Amino acid sequence: MSPTATRVRFAPAPSGYLHVGSARSALFNWLFANKMDGTLILRIEDTNTELAKPEFYDAITEPLKWLGLKWDEGPFYQSQRVEKYLNAIKRLLDESLAYCCDCSRESIEARNKTKGFKGGYDGHCRDREIRDGPNVTIRFKTPKNQTVEIKDSIRGNVTFDTNELEDFIIRRSNGTPVFLVANTVDDADMQITHVIRGEDLLNTTPKILLMWEALGYGPSPQYAHLPLLVGEDKKKLSKRKHSVALGEFKTMGILPESMVNYLALLGWGPNDDKEIRPIEEIISLFSLEDINKAPAYFDMKKLYHINAEYIRALPPEMFVSTVIEYFQLIKWEPAYLTPKVLHDLASSIQERIEKLADVPKLVDWLFDDEFPAETDEKEIKKITKAMSLDKVTDVLDLAVEELEKCTWNETTIGETINGIGHTLETKSQVPIRIAVTGRRVGLPLFKPMEILGRQKVLERLREARAGLG
RNA sequence: GCCCCGUUCGUCUAGUGGCCUAGGACGCCACCCUCUCAAGGUGGUAGCACGGGUUCAAAUCCCGUACGGGGUACCA
């Protein structure tokens, strides 16, 4: 590997599941790694032992695999690299760049209150030469009156006054290192050249840079702080308030390709007005410098639109296998489902859905004898209205009569139904559709009717007719 | 409070001093197509936060204000 080879990392903290914000960070790292022909490292930042639960790890790797974001090295777990961090802390301690502290949260706050000190920790133990031991924390000795400059690919130069930074804790009183140290040590150890992460971490960067220097690691990585993804309330996407788990998108039938394409468009855009394009093109067009600075709102409607485009572009065979796989995922097992029927109807289904979850209600009447009744109230009203028109009984009567004897194929079924409309001078399709499919809208009728078969069609028509008295 | 970041149609964006009476996309509306719904086509709606500079020229550069966001943990 040449010394200038690009090495980036995606370093999430395990938290139960991957949310879209993290997924986008992962994607941008992945895009950049691919663009630069570099290496993407997956590193799990589980220095907080409460988060270091094995079941949380799959929650990170599975969505990444689903999205197709392959990493080249790792996953590395910080919980397994504690020795390295402790060594770094010891070095800082030995060189008097860090010190032990036995202050409790309460005592710090009490002092701050009486002194009217507004910062965090007041540096009380800096020169007290406390001995290391149980219940002792270690703090980094933040230099005074200095300026730390972050050279950020997205934001330009950002400077911090070290006086604004407290002597922050680098080792907890239980002896475990905090993420700031782990992050610093690992980025050096793994020879990370570019750190691409969310803007919420911008404020931690000066601390990391200070330690980087204290540990004598040489030139620091290039930073790029991504704008945050926000919800409708314009606040950072949070698990509590927003539905953002990546797994949910899979469950609703978003294709991973659509998700990746949409995510790439959040905070970044090519200048040729073309939004939907293969990932290879996105990679070649991608550049950190072109990323926006302002937070972006995650717009479900646009995701749906992009997804719809991707679905429509699927060749029929691909669509069928995707749908069947999806049905397995949601455990929908209608009695008469066959790939052939799906294949025959593929294009008319594809142009009517925006997510795979929309498929069942388009075809359930074909694949099952029992299909869920329409539940939308407005829809029910419209159906009631459509079915109570004067001529409906006439239409149904005539339909039963004629469909009983006509040649059973798509064309003649269509001709027959249209003929009924002509004879009775009314629209014939809607009542028949409602009687046969249970819904007012749906697929073009004649082909699926042919597939359903004369017997079932007549049955349903008679039943509907009987219901009207 | 303090520190940091940001602000182009409702939303995502293009725009890097003249090509901008600001382009595209989603959404929304209308029309065309159509005996359902879509898809497709055509058209429309709507934006440079505000105030000062700099400049022959500013959405683009500088300053301020307002507003929004992030951080301020023995979370990451």
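Nothing here was measured: the structure is a model prediction, and the numbers come from that model. Reckoned from all heavy atoms, side chains included, excluding hydrogens, waters and symmetry mates. Below, chain A is the first sequence line, B the second, and so on; all start at residue 1.
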Counting only side-chain nitrogens and oxygens, does A:Asn48 get under 4.0 Å of the OP1 or OP2 atom of B:C74? no
Min side-chain heavy-atom separation A:Ile108-A:His124 under 4.5 Å: no
Mark yes or no for a side-chain to base donor-acceptor pair under 3.5 Å between A:Arg155 and B:C5, with no hydrogen or angle criteria applied. no
Which ones in residues 196-211 of chain A lie close to RNA chain B, meaning a heavy atom under 4.0 Å from one of its atoms? A:Glu199, A:Asp200, A:Leu201, A:Leu202, A:Asn203, A:Thr204
Distance-only donor-acceptor test, A:Lys274 side-chain atoms vs B:A25 base atoms, 3.5 Å: no
Scanning all shown strands, the Watson-Crick or wobble mate of B:G40 with both distances under 3.5 Å is B:C32
Could you tell me which non-hydrogen atom of A:Tyr310 sits nearest to which non-hydrogen atom of A:Ser258, and how far apart they are? CB-OG, 3.5 Å
Other residues, nucleotides and ligands only: do more than 12 of their heavy atoms fall within 6.0 Å of CD on A:Glu55? yes
Got a donor-acceptor pair under 3.5 Å from the side chain of A:Asp299 to the base of B:C12? no
Which pairs of donor and acceptor atoms, one on a side chain in residues 342-350 of chain A, lie under 3.5 Å apart (sequence neighbours left out)?
| from | atom 1 | to | atom 2 | distance (Å) |
| --- | --- | --- | --- | --- |
| A:Asp344 | OD2 | A:Lys340 | NZ | 2.9 |
| A:Ser348 | OG | A:Leu345 | O | 3.1 |
| A:Gln350 | NE2 | A:Ile311 | O | 2.8 |
| A:Gln350 | NE2 | A:Leu314 | O | 2.8 |

Measure from the side-chain N and O atoms of A:Arg352 to the backbone N and O of A:Leu443, and report whether any donor-acceptor pair falls under 3.5 Å. no
Earlier contact from the 5' end, RNA chain B, for A:Ser173 and A:His305: A:His305
Using atom C1' in both nucleotides, what's the gap between B:U13 and B:U7 to the nearest angstrom? 14 Å
Under-4.0 Å salt bridge between A:Asp364 and A:Lys361: no
Can you check whether A:Lys151's main-chain N or O pairs, donor with acceptor, with A:Gln222's side chain at less than 3.5 Å? yes
Please give me every residue in residues 419-446 of chain A whose heavy atoms get under 4.0 Å of an atom in RNA chain B, ordered by residue number. A:Gly421, A:Lys427, A:Ser428, A:Gln429, A:Arg433, A:Arg440, A:Val441, A:Gly442, A:Leu443, A:Pro444
Among B:C37, B:C12, B:G40, which nucleotide sits nearest the side chain of A:Arg312? B:G40
